[in-house]
Amino acid sequence: MDVLVIGAGVGGLATAQVLLAAGHRVRVYEQAPARRTGGKALLVWSNGNAVLNDLGISLDGAGNRIDRIDSLTPDGRLRIGQDIAHAAARFGFATQAIARRHLLERLAGGLPDDLIRFGMECRSVTQDADRVTAVFADGTTDTADLLVGADGHHSVVRRLLWGESGVRPATFGTWQGLSSVDIEITDTHRHLMVSGREGACGLMPAGGGLLQWWFDIRWSPADPRPASPLDELRSRFGHWASPVSEVLAAATDDDLEFFGHHWNKVRRAWGEGRVTLVGDAAHTMPPTLGQGANQTLEDAWVLGRELGREGRDPVAGLRAYEKARYRHISRVSRMAKRNPANWRVPPLIGRHLPETSQTTLLTRFSNRLTDGLR
């Protein structure tokens, strides 16, 4: 089959890798003028690493393995401790913190040099019974058997399918940075979450002396941007115990970028005809589970599996992919929306559970997050 992919982020590159490995012809269109080198770090959990392994993509030498996630009170007391290494051993793949640009480099590895066409903004999509056509801002068109919208939270392809409705703001937004911060945690395999009434702070060593750090605060799209976001963060969180205070002291305004949390109710069929969606284009969710990129990788894997069924009509393959993912991804999306991290003051029960019990719960929780590549 001949497939157009709109977007060259995690979803677009993973989809290209999966479909090329299955023998399909693929062309990827990206509106950015060159491969994106911005963005901060993310967590590739066991389920995401399982997909990468199936594609022959290794994260060896990139990022940093995460063995623990510890939740602290603002004054530095341990609230909840979770053994991520135990879950990794259970599922056979480690959890890795990695800069988004480095993950994109690994996903792009081995792809033909001319596969991705940059500076190509998709403006419209039309289709008939046999083919689908993408129209770009420069007036050019391309036609194929299928089209996959992998163009993220602000997806043009989704808007063409669904209209402007569907994606709604959540209640929090994140100021985040990825920078060299010379403190003890930067050289560990320990991920910290600190939460209190002022909001939340996350600290995640991302390898190479880099620390991914972020602050979550209540937010709505109508809120004005502060003149100095860092001054506001220092005012709000500066009294919190080490290592939050050290991170704020080392940060600069140039390190910061902001994104508001959004969510959409997952549709039973999120595509139409010869068009489907993967990743945030189909299921935008708050980052509270750290599963955005991982669920996107699962999307690509399941899409490839369903299109590879012998003798299956390609359009039927797209609907089968959406059906296969619907129950799972809608559950994960609801979990992300309802996660206690959205409350920012975790429930008291977490303080009374021994770590062995918390680790068992984490393993069961992780099992719910993955389709298990079945």
Side-chain angles (χ1 to χ4, degrees), residues 1-31 51 55 107 115 120 122-136 142-163 165-167 264-285 292-309 311-330 332-333 371 373:
M1 283 185 292
D2 199 16
V3 184
L4 305 181
V5 178
I6 307 300
V10 172
L13 295 179
T15 298
Q17 288 277 10
V18 168
L19 296 181
L20 285 171
H24 302 298
R25 298 179 302 279
V26 180
R27 294 180 296 285
V28 179
Y29 289 93
E30 166 59 49
Q31 69 172 353
V51 173
L55 294 175
L107 284 168
L115 182 80
M120 300 293 290
C122 182
R123 288 289 181 84
S124 67
V125 175
T126 61
Q127 59 179 312
D128 56 30
D130 300 314
R131 304 282 277 172
V132 59
T133 299
V135 180
F136 299 95
D142 198 356
T143 300
D145 299 309
L146 302 175
L147 184 144
V148 178
D151 46 345
H153 163 211
H154 299 290
S155 173
V156 171
V157 179
R158 182 190 64 233
R159 290 201 302 272
L160 293 170
L161 292 173
W162 303 0
S165 63
V167 178
N264 69 273
K265 185 177 181 180
V266 180
R267 299 188 175 210
R268 288 186 176 272
W270 54 66
E272 182 179 299
R274 294 179 173 273
V275 181
T276 194
L277 305 171
V278 300
D280 284 354
H283 42 75
T284 299
M285 67 184 79
N294 298 276
Q295 294 303 315
T296 298
L297 291 169
E298 285 196 18
D299 282 352
W301 191 93
V302 175
L303 176 62
R305 181 190 69 187
E306 296 304 324
L307 289 178
R309 306 283 190 189
R312 171 173 274 171
D313 173 74
V315 173
L318 296 187
R319 302 293 86 78
Y321 147 69
E322 294 161 9
K323 183 178 180 180
R325 289 293 285 155
Y326 168 73
R327 178 177 293 182
H328 174 75
I329 196 62
S330 59
V332 175
S333 179
D371 266 343
L373 303 185

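Just so it is clear, the values below take in all heavy atoms, side chains as well, and ignore hydrogens, waters and symmetry mates.
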E306 bridged to R312 by N-O distance under 4.0 Å: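 The answer is yes: the pair qualifies as a salt bridge.
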Using a 4.5 Å cut-off on heavy atoms from C-beta on, say whether the side chain of [Y] contacts that of [X].
{"X": "W301", "Y": "L55", "value": "no"}
{"X": "L303", "Y": "V278", "value": "yes"}
{"X": "R158", "Y": "T284", "value": "yes"}
{"X": "L307", "Y": "L318", "value": "yes"}
{"X": "N264", "Y": "W270", "value": "no"}
{"X": "L161", "Y": "V275", "value": "yes"}
{"X": "M120", "Y": "D142", "value": "no"}
{"X": "V167", "Y": "H154", "value": "no"}

Rounded distance (nearest 0.5 Å) linking atom [atom1] of [X] with atom [atom2] of [Y]:
{"X": "L146", "Y": "T276", "atom1": "CG", "atom2": "OG1", "answer": "9.5 Å"}
{"X": "Y29", "Y": "L4", "atom1": "OH", "atom2": "CG", "answer": "6.0 Å"}
{"X": "D313", "Y": "R319", "atom1": "CG", "atom2": "CZ", "answer": "10.0 Å"}
{"X": "L147", "Y": "E272", "atom1": "CG", "atom2": "CD", "answer": "12.5 Å"}
{"X": "R268", "Y": "S330", "atom1": "CZ", "atom2": "OG", "answer": "8.0 Å"}
{"X": "R267", "Y": "H283", "atom1": "CZ", "atom2": "NE2", "answer": "14.0 Å"}

Taking atom CD of Q127 as the centre, does the number of heavy atoms from other residues, nucleotides or ligands within less than 6.0 Å exceed 12?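 Enclosed.
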Show the nearest heavy-atom pair for residues [X] and [Y], with the distance to one decimal.
{"X": "V266", "Y": "S333", "result": "CG2-CB, 4.0 Å"}
{"X": "C122", "Y": "V125", "result": "SG-CG2, 4.0 Å"}
{"X": "V28", "Y": "G7", "result": "CG1-O, 3.5 Å"}
{"X": "V302", "Y": "A324", "result": "CG1-CB, 4.0 Å"}
{"X": "G11", "Y": "A150", "result": "C-CB, 3.9 Å"}
{"X": "A144", "Y": "R27", "result": "CB-NH2, 4.0 Å"}

How far apart are the C-alpha atoms of W162 and L277, what are their side-chain angles, what is the distance that settles it, and do they pass the side chain to side chain contact (heavy atoms under 4.5 Å, CB included) test? CA-CA 11 Å; W162 303 0; L277 305 171; 4.0 Å; yes
R131: which of T126, D145, T143 passes side-chain hydrogen bond (donor to acceptor under 3.5 Å, both in side chains):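 Single side-chain hydrogen bond (donor to acceptor under 3.5 Å, both in side chains) partner of R131 among T126, D145, T143: D145.
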Given side chain to side chain contact (heavy atoms under 4.5 Å, CB included), test H24 with V18 step by step and report yes or no. CA-CA 9 Å; H24 302 298; V18 168; over 6 Å; no
How would you list all residue pairs meeting side-chain hydrogen bond (donor to acceptor under 3.5 Å, both in side chains) that involve residues 7-18, not counting sequence neighbours?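 Non-adjacent pairs meeting side-chain hydrogen bond (donor to acceptor under 3.5 Å, both in side chains): zero.
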Polar contact flag, side-chain donor to acceptor under 3.5 angstrom, S155-D151: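 Yes, because at least one side-chain N or O of S155 sits under 3.5 Å from a partner of the opposite role on D151.
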Step-by-step side chain to side chain contact (heavy atoms under 4.5 Å, CB included) determination, L19 to M1: CA-CA 9 Å; L19 296 181; M1 283 185 292; over 6 Å; no
